[in-house]
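The structure appears right after this line, and notes come after that.
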Protein chains: 2
Amino acid sequence: MLNYTYEELIKHFKDILKKNSLKYTKQREVILEILYKYNKHFTPEELYMQIKNEYPKLNIGIATIYRTLNLLEESKMITSISFGQLGKKYEIAIKPHHDHLICDMCGTIIEFEDEQIENRQLEIAKKYHFLIKSHSLQLHGICKECRKKLKYS
Amino acid sequence: MLNYTYEELIKHFKDILKKNSLKYTKQREVILEILYKYNKHFTPEELYMQIKNEYPKLNIGIATIYRTLNLLEESKMITSISFGQLGKKYEIAIKPHHDHLICDMCGTIIEFEDEQIENRQLEIAKKYHFLIKSHSLQLHGICKECRKKLKYS
DNA sequence: TTGCCTGCAAATCCTTTGCATACTG
DNA sequence: CAGTATGCAAAGGATTTGCAGGCAA
């Protein structure tokens, strides 16, 4: 699924830090590790909880989570999507580009890729003389499991 | 562009209010009127300013703006899109469905519709046994005008 | 007249910032 | 050792809520 090993990811991160005279700290390492390991979307708060759980001895503040997420996003190592009221979620950015199906009942996120849609987007941009830097496609609705639950209730 | 007249819109709104034992007030009317008249995206703050401008005598608080926008969104009379750090913007929902090209330099929003993408989305949903309720497609980048500015600077 | 709506201000929630201390390179 | 990073608490900004008075039905 992921096209980098953890070691390659860390190496890439260290390179970015070096280029910007920034430092490699335990906190930054752990944040990246959790995002890599679980390979799913986290809110800052969820990430904070997970770290508290797995590394109870590590002293880390929520401010560091926010600062590090911003740093990682600027460095394009992670990406974020907005969920309206639900806030912002982050995920590791080393997967091929993909879009999201989001279940409004249980919050499950299904990822998909579709070349046809990607190509069509380029044509649309061309028509408006628009230079696309990124895009975000979210399909909201009800997932397979929740549809079953609805049927039986 | 819009497929309802203002009168039809107000009638529809009054129907919704009546069904829910809610009341038709000057504040609610003005908010809807501005959204209809300008037919563009507003943040709650921008909407508040615009109303203060056009109706200086009308006493209205920002809390009412928020409450009314939430009400209108629940009633599907308006829709919102998220702009990450930049907050949430609302627009009247009585146009045919469309997606957005967003210029990250000047904030301009271009609307477009594309049947091919819509159809493809349905196929994807089918594949995952997912029931689509809505979707949101945003292409971020740099618009025609800003690209010119970049060239000459 | 009833009970929903409103403005106001206070309260919340999420995120960022200032500062003194701790740590990396 | 210099300069960056951290935790903590305070500050900030956006949105929501409680309340007493105002207004629509």
Side-chain angles (χ1 to χ4, degrees), chain A residues 10-11 13-34 41-52 55-75 77-78 80-90, chain B residues 10-11 13-34 41-52 55-75 77-78 80-90:
Chain A
I10 294 297
K11 183 173 177 310
F13 186 38
K14 284 187 177 171
D15 284 351
I16 289 171
L17 294 176
K18 192 170 291 174
K19 277 202 195 91
N20 297 281
S21 316
L22 302 175
K23 300 184 174 184
Y24 187 69
T25 66
K26 187 66 187 167
Q27 286 83 349
R28 288 176 175 171
E29 179 191 316
V30 164
I31 289 169
L32 200 49
E33 189 217 308
I34 297 283
H41 297 81
F42 282 93
T43 62
E45 190 65 27
E46 287 164 355
L47 193 50
Y48 181 61
M49 293 310 197
Q50 191 65 37
I51 291 171
K52 285 282 180 193
Y55 298 89
K57 288 177 201 150
L58 178 67
N59 201 10
I60 190 171
I62 190 79
T64 297
I65 306 279
Y66 278 101
R67 281 188 281 232
T68 303
L69 288 174
N70 287 339
L71 168 64
L72 289 171
E73 190 169 26
E74 279 167 36
S75 317
M77 296 201 61
I78 62 175
S80 68
I81 50 177
S82 282
F83 284 79
Q85 303 298 48
L86 300 163
K88 220 172 167 186
K89 289 192 171 191
Y90 296 86
Chain B
I10 295 296
K11 183 172 177 308
F13 186 39
K14 285 186 176 170
D15 284 350
I16 290 171
L17 293 175
K18 191 169 291 176
K19 277 202 194 92
N20 296 280
S21 316
L22 302 176
K23 301 185 173 181
Y24 187 69
T25 66
K26 187 67 185 166
Q27 286 84 347
R28 288 177 175 171
E29 179 191 316
V30 165
I31 289 169
L32 200 48
E33 188 216 310
I34 298 282
H41 297 80
F42 283 93
T43 60
E45 189 65 28
E46 287 164 356
L47 193 50
Y48 182 60
M49 293 311 197
Q50 191 65 37
I51 291 170
K52 284 282 178 194
Y55 298 89
K57 289 177 199 150
L58 177 66
N59 201 10
I60 190 171
I62 190 79
T64 297
I65 306 278
Y66 278 101
R67 281 188 281 233
T68 304
L69 288 174
N70 287 338
L71 168 64
L72 289 171
E73 190 169 25
E74 279 167 36
S75 316
M77 295 200 61
I78 62 176
S80 67
I81 50 177
S82 282
F83 284 78
Q85 303 299 49
L86 300 163
K88 222 171 166 184
K89 289 192 170 190
Y90 295 85

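Numbered from 1 within each chain, the chains take letters A, B, ... in sequence-line order. The shown structure was predicted, so the numbers you read here are calculated from the model rather than taken from an experiment. Values reported hereafter were calculated over all heavy atoms of this structure, with side chains retained and with hydrogens, waters and symmetry mates removed.
- Applying the 4.0 Å criterion to OP1 and OP2 of D:dT16, one finds that B:N70 has a side-chain N or O inside that range.
- Nearest-nucleotide positions on DNA chain C place B:S21 closer to the 5' end than the other of B:S21 and B:I60.
- Partner of A:S80 under the side-chain hydrogen bond (donor to acceptor under 3.5 Å, both in side chains) criterion, chosen from A:E73, A:K89, A:H41: A:E73.
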Might you list the N or O atoms of the protein lying below 3.5 Å from N or O atoms in nucleotides 23-25 of chain C, with each pair's distance?
| unit_1 | atom_1 | unit_2 | atom_2 | d |
| --- | --- | --- | --- | --- |
| C:dT24 | O2 | A:K23 | NZ | 2.5 |
| C:dG25 | OP1 | A:Y24 | N | 3.4 |

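- In this structure, B:F42 atom CZ and D:dA14 atom C1' are separated by 19 Å, rounded to whole Å.
- At whole-Å resolution of the value, NZ in A:K88 and P in D:dA14 are 15 Å apart.
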Got a list of protein N/O to nucleotides 9-14 of chain C N/O distances below 3.5 Å?
none

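- In this structure, B:R67 atom CZ and D:dG18 atom P are separated by 11 Å, rounded to whole Å.
- Contact annotation: the side chain of A:I65 never approaches that of A:E45 to less than 4.5 Å [non-hydrogen atoms, C-beta and beyond].
- Note on A:R28: only backbone sugar-phosphate atoms sit closer than 4.0 angstrom, heavy atoms only; bases stay farther off.
- With respect to the salt-bridge test (charged N to carboxylate O, under 4.0 angstrom), the residues A:K11 and A:D15 qualify.
- Counting non-hydrogen atoms of neighbouring residues, nucleotides and ligands closer than 6.0 angstrom, the NZ atom of B:K18 reaches no more than 12 such neighbours.
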Output side-chain donor-acceptor pairs under 3.5 Å for residues 24-31 of chain A, partner residues at least two apart or in another chain, one line each.
| unit_1 | atom_1 | unit_2 | atom_2 | d |
| --- | --- | --- | --- | --- |
| A:Y24 | OH | A:E29 | OE1 | 3.4 |
| A:T25 | OG1 | A:R28 | N | 3.3 |
| A:Q27 | NE2 | A:N59 | O | 3.3 |
| A:R28 | NH1 | A:K23 | O | 2.8 |

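- The separation between B:Q27 atom CD and D:dG21 atom C1' is 14 Å, rounded to whole Å.
- Using a 4.5 Å heavy-atom threshold, the side chains of B:Y55 and B:I60 count as separate.
- Here CD of A:E33 is found 8.0 Å from CD1 of A:I10. Values are rounded to the nearest 0.5 Å.
- A:I78 contributes atom CD1, which lies 4.5 Å from atom CG of A:L69 (distance to the nearest 0.5 angstrom).
- Within the 4.5 Å cutoff, no side-chain heavy atoms of A:F13 are placed close to those of A:L22.
- One can place NZ of A:K18 at 18 Å from C1' of D:dA5, the figure rounded to the nearest angstrom.
- At whole-Å resolution of the value, CG in A:L71 and C1' in D:dT4 are 12 Å apart.
- Atom CG in B:N20 sits about 16 Å away from atom C1' in D:dA24, given to the nearest Å.
- The separation between A:L58 atom CG and D:dA5 atom P is 16 Å, rounded to whole Å.
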